[in-house]
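Take a look at the structure below.
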There are 2 protein chains.
Amino acid sequence: MRPLFHPAIEDVQPEAILHALSDPRRAAIFARITKAGCVEACSAVSSVGDQVIPKSSLSSHFKVLREAGLIRCERHGVEMRNHSRCAEVEARFPGLLSAIMNAYAARLS
Amino acid sequence: MRPLFHPAIEDVQPEAILHALSDPRRAAIFARITKAGCVEACSAVSSVGDQVIPKSSLSSHFKVLREAGLIRCERHGVEMRNHSRCAEVEARFPGLLSAIMNAYAARLS
DNA sequence: TCCATAGTTCCGAAATCCCGAACTATGGGA
DNA sequence: TCCCATAGTTCGGGATTTCGGAACTATGGA
């Protein structure tokens, strides 16, 4: 299996990050990966809140996060390990990710 | 003409803001309004960079920004005045807008 | 070799975006 | 008052994107 594409940090674009995180489910997935540092599998986040996400949709959400430069994915055996690239992104766009994640956390709903 | 809908600041959702600003043209429009405090008309921003935006598209971009809670629009005679709501949004989601606008400004391309 | 698990790809339906054309609203003449 | 010009919205339908079930691929273990 060919290695997955990951953009270099200098190629990461703000619009891609905003688009990726403008979906609350993707934002929740990213928050979980970031909090855990590394979530072992896509299937480890097979639901967000009480909402079950079909695995084809989940796969494309991970792809969007990966191509936006937010996570790094590598296969370990039969499963995928997803790492947050928040430190890199923070260096390139200071304050962006924390402000976004705080905004979601601050939401009442 | 009935007054335009504006969400109360407590109803403003992070995903709506991220979606609105994930389009570079909308982000540029919002930046211009914010910088100016108040841009007199939609037609005053009829192009972004060297790219001309048709007025039907422009109208819908303003609608997205307005419904996301980012701007306030009121008719003055034949034209519209658009005000940035950045102070309100800043109070609700601290650091969010400045981080986003800085991210766009930091982009090389 | 066969099977189970973990993800990806495919594809059709649904939703969204885009923009030209037609329409509406307002104010300024004549 | 009537007509026109300007400013912006709405409509319609074609293009693009998103969603998710079903089929497929990749890996490791029995």
Side-chain angles (χ1 to χ4, degrees), chain A residues 1-6 13 15-30 32-33 36 38-68 71-83, chain B residues 1-6 13 15-30 32-33 36 38-68 71-83:
Chain A
M1 192 174 192
R2 64 187 176 293
L4 296 170
F5 169 74
H6 293 87
Q13 299 296 319
E15 57 265 46
I17 291 179
L18 297 183
H19 172 253
L21 297 180
S22 69
D23 181 318
R25 292 161 302 180
R26 278 196 295 262
I29 292 170
F30 177 68
R32 219 184 292 187
I33 294 174
C38 164
V39 165
E40 272 156 271
C42 298
S43 58
V45 284
S46 62
S47 68
V48 169
D50 54 353
Q51 188 182 18
V52 174
I53 304 180
K55 68 177 186 170
S56 62
S57 302
L58 205 53
S59 179
S60 74
H61 285 323
F62 274 87
K63 184 180 181 188
V64 170
L65 290 170
R66 176 172 52 79
E67 294 185 343
I71 63 175
R72 196 176 292 281
C73 312
E74 44 189 64
R75 179 179 281 277
H76 269 245
V78 76
E79 69 190 13
M80 205 64 99
R81 288 195 191 156
N82 303 289
H83 302 260
Chain B
M1 195 176 188
R2 64 187 177 293
L4 296 170
F5 169 74
H6 294 87
Q13 299 296 319
E15 57 265 46
I17 291 179
L18 297 183
H19 171 252
L21 297 180
S22 69
D23 181 315
R25 291 162 302 178
R26 278 196 295 263
I29 291 170
F30 177 67
R32 219 184 294 189
I33 294 174
C38 164
V39 165
E40 273 157 89
C42 298
S43 58
V45 284
S46 61
S47 68
V48 169
D50 54 354
Q51 186 182 19
V52 174
I53 303 181
K55 69 177 185 170
S56 61
S57 303
L58 205 53
S59 179
S60 73
H61 285 322
F62 274 87
K63 185 180 181 187
V64 170
L65 290 170
R66 177 170 52 79
E67 294 185 344
I71 62 174
R72 196 177 290 281
C73 312
E74 44 189 64
R75 179 179 279 278
H76 268 245
V78 76
E79 69 191 11
M80 205 65 99
R81 289 195 191 158
N82 304 288
H83 302 262

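In what follows, chains carry the letters A, B, and so on, assigned in the order in which the sequence lines appear, proteins first and then strands, with residues in each chain numbered from 1.
One atom, CG of A/Leu58, and another, C1' of C/dT9, lie 15 Å apart when rounded to the nearest Å. Nucleotide C/dG7 holds its P atom 11 Å from the CG atom of A/Leu4, rounded to whole Å. As a whole-Å value, the separation of A/Glu79 CD from D/dG29 P is 11 Å. Atom pair A/Asp23:CG and C/dT16:P shows a separation of 12 Å (rounding to whole Å applied). Computed from coordinates, the B/Leu65 CG to D/dT9 P distance equals 12 Å when rounded to whole Å. A/Arg26 places its CZ atom 11 Å from the C1' atom of D/dT17, with the value rounded to the nearest Å. Regarding B/Asn82, its CG atom lies at a distance of 14 Å from the C1' atom of D/dT9, rounded to whole Å. If you measure from atom CD of B/Glu67 to atom P of C/dC17, you get 11 Å, rounded to the nearest angstrom.
Listed nucleotides: D/dG8, C/dA25, C/dA6. Nearest to the side chain of B/Val78: C/dA25.
B/Lys63 meets the side-chain contact (heavy atoms from CB on, under 4.5 Å) test with B/Arg66, B/Glu67; sequence neighbours excluded. Every residue was checked against the side-chain contact (heavy atoms from CB on, under 4.5 Å) condition with B/Ser59, not counting sequence neighbours, and none meets it.
In terms of position on DNA chain D, the residue among A/His61 and A/His76 whose nearest nucleotide sits closer to the 5' end is A/His61.
When all heavy atoms of A/Ile29 and A/Val48 are compared, the closest pair comes out as CG1-CG2, 4.2 Å. Residue A/Ile71 comes nearest to A/Cys73 through the heavy atom pair CD1-SG, 3.7 Å, listed as atom of the first residue, atom of the second, then distance. Here the closest heavy-atom approach between residue B/Leu58 and residue B/Ile53 is recorded as N-CG2, 3.8 Å.
Note on A/Arg81: nothing from the nucleic acid sits closer than 4.0 angstrom, heavy atoms only. B/His19 comes within 4.0 angstrom of the backbone, heavy atoms only, and of no base.
A sub-4.0 Å separation between OP1 or OP2 of D/dC19 and a side-chain N or O of A/Arg25 is present. At the phosphate of D/dT9, OP1 or OP2 sits under 4.0 Å from a side-chain N or O atom of B/Ser59.
Put simply, the side chain of B/His6 gets close to the backbone of B/Leu4: a donor and an acceptor are under 3.5 Å apart.
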Mind listing the side-chain donor-acceptor pairs of residues 16-23 of chain B below 3.5 Å, one per line with the distance, residues two or more places apart or on another chain?
| residue | atom | partner | partner atom | Å |
| --- | --- | --- | --- | --- |
| B/Ser22 | OG | B/His19 | O | 2.8 |
| B/Asp23 | OD1 | B/Arg25 | N | 2.7 |
| B/Asp23 | OD1 | B/Arg25 | NE | 3.2 |
| B/Asp23 | OD1 | B/Arg26 | N | 3.4 |
| B/Asp23 | OD2 | B/Arg25 | NH2 | 2.8 |

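Sorted by residue number, the members of residues 48-57 of chain A with any non-hydrogen atom under 4.0 Å from DNA chain D read A/Pro54, A/Ser56, A/Ser57.
Within the model, atoms NE2 of A/His83 and CZ of A/Arg81 stand 7.0 Å from one another, a figure rounded to the nearest 0.5 Å. Between B/Ser56 atom OG and B/His61 atom NE2 the span is 9.0 Å, to the nearest 0.5 Å.
A rotation axis mapping the C1' atoms of four pairs onto the next four is fitted at both ends of the helix from C/dT1-D/dA30 to C/dA30-D/dT1 over five pairs, and the angle between these axes is 0° to 10 degrees.
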